[in-house]
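Since we're looking at a predicted model, the values are computed, not measured. Values below: every heavy atom of this structure, side chains too, minus hydrogens, waters and symmetry copies. Below, read A as the first sequence line, B as the second, and so on, with proteins coming before strands; counting in each chain starts at 1.
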Number of protein chains: 2
Amino acid sequence: MTLTARPIDPAPLAHDRVYRQLRLRIMHGDMPPGHALTLRGIGAEYRVSMTPAREAARRLVAEGALTMSNSGRIATPALSNDRIEELAALRALIEVELASRALPRAHLALIERLQNINAKVADAVAQRDAVSYIRTNLEFHRTLYLRAQAPAMLAMAETVWLQMGPTMSALYGRLRRTEPPQFHRLIIAALRAGDEPGLRLAVRSDVTQGLRMLAS
Amino acid sequence: MTLTARPIDPAPLAHDRVYRQLRLRIMHGDMPPGHALTLRGIGAEYRVSMTPAREAARRLVAEGALTMSNSGRIATPALSNDRIEELAALRALIEVELASRALPRAHLALIERLQNINAKVADAVAQRDAVSYIRTNLEFHRTLYLRAQAPAMLAMAETVWLQMGPTMSALYGRLRRTEPPQFHRLIIAALRAGDEPGLRLAVRSDVTQGLRMLAS
DNA sequence: GCCCGATTTTTGTGATCACAAGTTCGTATG
DNA sequence: CATACGAACTTGTGATCACAAAAATCGGGC
């Protein structure tokens, strides 16, 4: 048999590629809230026709990553304060459960990996890079939650992240603090100690901490 | 001015109509798990071309109401037991919170409406009509949760219902009991008494009760 | 200088088509 | 009789087009 780099890579599927790239940009806060998009513009940017652009956009609209006006115009969501509070409450509910389910499976290698990621989070905060901060922060949480072996719950959590992406970008963009994330250290400490109540409290605090910045 | 039935009804939008009808059929358990669908078949059934059928299908796939094989074939999901447990846990998390938020706003008219709906649920159970049971049961829950004024949470809960639709149909389809739902009465009683802990327990019990039927 | 209205442009929607990949069914061969 | 091979069909994907509605732009009138 011939040696191929990828034994299976049947179809790079244009609409899926467009979807994934747009999804990352939105989740990581690359686009401000209310940023308008057009199907033809997406198609031109990713060198595809309108059809895959439409499918990617509609998929993102279905997940709440994009909003659609009644005339079909698509844009990143500009969330109300009530909506933000709701999404933060959903994060608290789902992610506390995910962390709780991950706790029994969290061995030492995972904890060390979380510490490495947390160092990158601290770097992003020190450099005031909002996109890097959001990306590494989500990587921290996802790495922990993957151990929960609960794909449906993780998908729900990621959907919430997706909806908050542009808003988080706008929030952290005008942020001026340089302290590393304090609650991440509490999460790691609770994981080490096998302290489930402490872990739940630390995750809940970390997830809802952004809410306090709304009052400013 | 002339009297028109609907002052505004600008565009019935084919793909949205197809989406909504398919969504109801799936959520109410009209289709068994693993039921295959084709874009051309959907288009023929709703008298539209492939394009709106594709958009409706892709939207439902994005919400987890339909699954897509790696070759693009679409079908209703056939859930594993692990996945069912996860979705039930999500229902418990989200719906307990929704009920808790609805409690302060639950006035007498709402409670009476819930009792009327519950009578219809009992009828459906007595007649062993799985689809009617699922529909009225969801109506009961949605009526309560609408009072929570938390649209994002309600949307998440409905997404979970959607994913469980076909499986619920298969489960209740082989159900042989004729007792009316006991936990619904506990929910109503807790609402009357303003008993939040009791309400949370009743909702959690009602939502996870279906899990016990999996052991049979 | 400002605002209102018509025209032009932009944009999403739905239909149709070519194409490639997957599936199914029939047949022939061991 | 079972299995493998191949042909015919089915199916999703992506591109292109016509069309209607919405938005933007420009012009004229006050």
Side-chain angles (χ1 to χ4, degrees), chain A residues 1-2 4 6-23 25-26 31-78, chain B residues 4 6-23 25-26 31-78:
Chain A
M1 67 181 286
T2 61
T4 53
R6 294 291 185 103
I8 44 169
D9 198 6
L13 250 2
H15 70 89
D16 206 57
R17 177 175 56 88
V18 174
Y19 162 77
R20 243 188 297 266
Q21 299 198 29
L22 273 179
R23 183 179 197 268
R25 288 189 57 188
I26 296 170
M31 300 171 130
H35 186 333
L37 293 173
T38 66
L39 298 185
R40 286 172 178 86
I42 295 171
E45 184 172 352
Y46 294 98
R47 309 302 184 92
V48 295
S49 81
M50 270 177 59
T51 311
R54 237 203 300 196
E55 306 210 5
R58 200 160 295 280
R59 196 167 159 190
L60 290 165
V61 169
E63 298 178 20
L66 294 174
T67 61
M68 212 167 135
S69 75
N70 44 14
S71 72
R73 255 51 179 238
I74 53 183
T76 54
Chain B
T4 53
R6 293 292 183 104
I8 45 167
D9 197 7
L13 249 6
H15 69 89
D16 207 58
R17 177 175 56 87
V18 175
Y19 163 77
R20 244 188 296 265
Q21 300 198 29
L22 273 179
R23 183 179 198 267
R25 288 190 56 188
I26 296 170
M31 301 172 128
H35 184 21
L37 293 174
T38 66
L39 299 184
R40 286 173 177 86
I42 296 170
E45 183 172 353
Y46 294 99
R47 309 302 183 92
V48 295
S49 82
M50 270 176 60
T51 310
R54 236 201 301 194
E55 306 211 5
R58 199 159 298 276
R59 197 167 159 190
L60 290 164
V61 169
E63 297 179 21
L66 294 174
T67 62
M68 211 168 140
S69 76
N70 43 14
S71 72
R73 261 54 185 280
I74 52 183
T76 54

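If you check residues 42-49 of chain B against DNA chain D, you find no residue with a heavy atom closer than 4.0 Å. Heavy-atom distances under 4.0 Å link DNA chain C to B/Thr51, B/Pro52 of residues 51-59 of chain B, given in residue order.
Listed by chain and number, the residues in a side-chain contact (heavy atoms from CB on, under 4.5 Å) with A/Ala53 are A/Ile42 (sequence neighbours excluded). Residues satisfying the salt bridge (Lys or Arg N to Asp or Glu O under 4.0 Å) criterion with B/Arg20, sequence neighbours excluded, are B/Asp16. The salt bridge (Lys or Arg N to Asp or Glu O under 4.0 Å) check on B/Arg73 picks up nothing, with sequence neighbours excluded.
Look at CE on B/Met50: it is 10 Å from C1' on D/dG14, rounded to the nearest Å. Atom pair A/Leu13:CG and C/dA20:C1' shows a separation of 12 Å (rounding to whole Å applied). Computed from coordinates, the A/Leu37 CG to C/dT10 P distance equals 18 Å when rounded to whole Å. As rounded to whole Å, 13 Å separates atom C1' of C/dG12 from atom CG of A/Asn70. One interatomic measurement links the two molecules: CZ of B/Arg17 to C1' of C/dT13, which rounds to 14 Å at whole-angstrom precision. Rounded to whole Å, the distance from OH on B/Tyr19 to P on C/dG14 is 15 Å. Residue A/His15 contributes atom NE2, which lies 9 Å from atom C1' of D/dG12 at whole-angstrom precision.
Listed here is the closest heavy atom pair of A/Arg59 and B/Ala62: CG-CB, 3.8 Å. When every heavy atom of B/Ala36 is checked against every heavy atom of B/Ala75, the shortest pair comes out as CA-CB, 3.9 Å. Among all heavy-atom pairs drawn from B/Pro33 and B/Pro77, the shortest one is CB-O, 3.5 Å.
Counting only residues at least two apart or on different chains, no side chain to side chain donor-acceptor pair (under 3.5 Å) pair has a member in residues 33-44 of chain B. Within the structure, side chain to side chain donor-acceptor pair (under 3.5 Å) pairs that include any residue of residues 43-55 of chain A comprise A/Arg25-A/Glu45, A/Arg54-B/Glu55, A/Glu55-B/Arg54, A/Glu55-B/Arg58 (at least two apart or interchain).
The backbone N or O of B/Gly34 lies less than 3.5 Å from a partner atom in the side chain of B/Thr76, making a donor-acceptor pair.
When the nucleotides C/dT11, C/dG14, C/dT23 are ranked by their closest atom to the side chain of A/Thr38, C/dT11 comes out on top. With D/dT13, C/dT13, C/dG22 as the choices, the nucleotide that has an atom nearest any side-chain atom of A/Leu39 turns out to be C/dT13. Comparing atom distances between the A/Arg73 side chain and each of C/dT10, D/dT13, D/dT16 picks out C/dT10 as nearest. Of the candidate nucleotides D/dA18, D/dG12, D/dG14, D/dA18 has the atom nearest to the side chain of A/Arg40.
Atoms CG and CG, on B/Leu37 and B/Leu60 in that order, are 9.5 Å from each other to the nearest 0.5 Å. Distance check, rounded to the nearest 0.5 Å: CZ of B/Arg17 to CG of B/Leu22 gives 10.5 Å.
Within the helix from C/dG1-D/dC30 to C/dG30-D/dC1, the inter-axis angle between the opening and closing five-pair segments is 20°, rounded to 10°.
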